[in-house]
Amino acid sequence: MIQSVQRALRIMEYVGRHSGGVTAPRIAFECGLNRATAYNLLRTLVYEHYLRRDEHGKYTLGLEVSDRYSELTRTMAGPRTCAEFMRRMSSETGYSTFLARFVEGRPAVTEVTEGSRSPHVEDLIVGFDDGAHATALGKALLATLQPHDRARFLKAAGMRPFTRRTLTEPDAFEYDLAVYGESGVYAELGQFREGVGCAGVVVREGETPADRIVFAVALPLTEIRDTWPVLVGRLRDAAAELEPLL
């Protein structure tokens with residue numbers, strides 16, 4: 001047996017039993033490891049996104065764990081409906097999940113599944129169709145429009161500030177879309193609500209705006225910054241899995 005692998009798995013099992021997080025000294029003590037070994041393993045697991053370390057020095061399971069679980073459940077039995085997929089993803093990650101589409105020419109939330117780790121945003125409910133310039137859902141949908149149609153929409157809808165980070169100038173908004181458009185995953189970092197981040201991806205493109213659908217997750221702002229590369233991959237996978245269910 002490879003002892004370092006066994007020790008890493010023992011750490012993950014122990015951390016997984018403590019949803020509120022646990023410190024490195026406690027992990028070392030409970031897993032029977034000297035501190036140097038424990039710190040080396042913890043740094044590696046954080047680097048690989050199997051654990052995450054918060055600002056208080058506590059460790060919790062990372063997104064890569066939910067990815068492995070997601071792959072296992074997909075192999076055993078994939079979701080049969082979009083709602084089932086959203087419930088599963090919210091359960092695995094703890095993040096609230098959303099679908100949105102154009103309704104009467106405005107980006108609107110059409111489905112929501114609450115996650116236990118996401119801050120509650122009371123406005124993001126089914127039917128919400130305001131602030132497209134400040135939400136990841138709205139950005140992803142507006143990015144599918146031609147520039148002149150997008151400019152017309154923003155002029156009519158306005159770009160009021162929801163927080164001090166909200167983009168309120170069309171040129172800044174266009175630049176923001178161009179940057180995120182390179183990855184295909186659009187984000188807002190505290191632009192709609194302080195302390196909350198959201199990332200969204202287009203699931204289905206259509207000939208008309210009404211045919212286009214986007215999927216997004218909301219999470220604490222600190223986590224979206226820490227997990228961005230992993231989150232991008234996860235959302236791309238989610239789009240591929242969701243598209244046949246729509």
### Task
Could you tell me whether a side-chain N or O of Ser91 sits under 3.5 Å from a main-chain N or O of Arg87, the two making a donor and an acceptor?
no
*Which is it for Phe192 and Phe128 under the ring-ring contact (aromatic ring centres under 6.0 Å, His included) test, yes or no, and what are the steps along the way?*
CA-CA 13 Å; Phe192 185 69; Phe128 178 75; 5.6 Å; yes
* To do: I would like to know whether Val217 and Thr97 meet side chain to side chain contact (heavy atoms under 4.5 Å, CB included); could you show each step before the answer?
  => CA-CA 4 Å; Val217 296; Thr97 55; 3.8 Å; yes
The side chain to side chain donor-acceptor pair (under 3.5 Å) partners of Arg152 (sequence neighbours excluded) come to Asp149
The reported gap from CD in Glu223 to CZ in Arg117 (rounded to nearest 0.5 angstrom) is 4.5 Å
To the nearest 0.5 Å, atom CZ of Arg53 lies from atom OG1 of Thr60 at 11.5 Å
Show every donor-acceptor pair shorter than 3.5 Å between a side-chain atom in residues 118-127 and any protein atom, with sequence neighbours excluded, or say none if there are none.
residue: Ser118; atom: OG; partner: Ser96; partner atom: N; Å: 2.8
residue: Ser118; atom: OG; partner: Ala218; partner atom: O; Å: 2.3
residue: His120; atom: ND1; partner: Glu114; partner atom: OE2; Å: 3.2
residue: Asp123; atom: OD2; partner: Arg193; partner atom: NH2; Å: 2.1

Cluster membership besides Val5, Ile/Leu/Val/Met/Phe/Trp/Tyr side chains within less than 4.5 angstrom, sorted by chain and number, is Ile2, Leu9
Scanning both residues in full, the closest heavy-atom pair of Met159 with Leu167 reads CE-O, 3.4 Å
Applied to residues 99-108, the side chain to side chain donor-acceptor pair (under 3.5 Å) test, sequence neighbours excluded, yields Arg106-Asp129
Check step by step if salt bridge (Lys or Arg N to Asp or Glu O under 4.0 Å) holds for Arg68 and Glu64.
CA-CA 6 Å; Arg68 301 293 80 76; Glu64 284 293 331; 2.5 Å; yes
- request: Answer yes or no: does atom CD of Glu169 have more than 12 heavy-atom neighbours from other residues, nucleotides or ligands under 6.0 Å?
  value: no
Those residues at least two apart in sequence (or on a different chain) that pass salt bridge (Lys or Arg N to Asp or Glu O under 4.0 Å) with Arg225 are none
query: Does any N or O in the side chain of Thr37 come within less than 3.5 Å of the main-chain N or O of Leu33, such that one atom is a donor and the other an acceptor?
result: no
* Spell out, as yes or no, whether a donor-acceptor pair under 3.5 Å connects the side chain of Ser90 to the backbone of Tyr95. => yes
Side chain to side chain contact (heavy atoms under 4.5 Å, CB included) assessment of Cys31 paired with Glu13
CA-CA 10 Å; Cys31 294; Glu13 290 168 356; over 6 Å; no
- Message: Tell me if a side-chain donor or acceptor on Thr163 pairs with a main-chain N or O of Glu194 at a distance below 3.5 Å.
- Response: no
Do Thr144 side-chain atoms and Ala140 backbone N/O form a donor-acceptor pair below 3.5 Å?
no
*Assess whether side-chain hydrogen bond (donor to acceptor under 3.5 Å, both in side chains) is satisfied between Ser66 and Thr93, documenting all intermediate values.*
CA-CA 6 Å; Ser66 66; Thr93 65; over 6 Å; no
Next on the checklist: Can you see whether Tyr14 has Arg17 sitting over its ring - NZ or CZ less than 6.0 Å from the centre and within 45° of the normal?
Outcome noted: no
| In terms of hydrophobic clusters joined by side-chain contacts under 4.5 Å, are Tyr39 and Tyr50 together? | no
Determine yes or no for a side-chain-to-main-chain donor-acceptor pair under 3.5 angstrom, with Thr227 supplying the side chain and Val230 the backbone.
-> no
Salt bridge (Lys or Arg N to Asp or Glu O under 4.0 Å) filter on Arg204, not counting sequence neighbours, yields none
Go through the steps to decide whether Ile213 and Leu242 satisfy the test side chain to side chain contact (heavy atoms under 4.5 Å, CB included), and finish with yes or no. CA-CA 10 Å; Ile213 300 175; Leu242 262 174; over 6 Å; no
- Query: Does Leu177 offer a backbone N or O that forms a donor-acceptor pair with the side chain of Lys139 under 3.5 Å?
  - Reply: no
Gln6 side chain to Ala8 backbone, donor-acceptor under 3.5 Å:
no
- Query: Looking only at atom types and distance, does a side-chain atom of Asn40 sit under 3.5 Å from a main-chain N or O of Ala36, one as donor and one as acceptor?
  - Reply: yes
Please lay out, stage by stage, how Phe85 and Phe215 fare under the test side chain to side chain contact (heavy atoms under 4.5 Å, CB included).
CA-CA 11 Å; Phe85 174 88; Phe215 173 75; 4.0 Å; yes
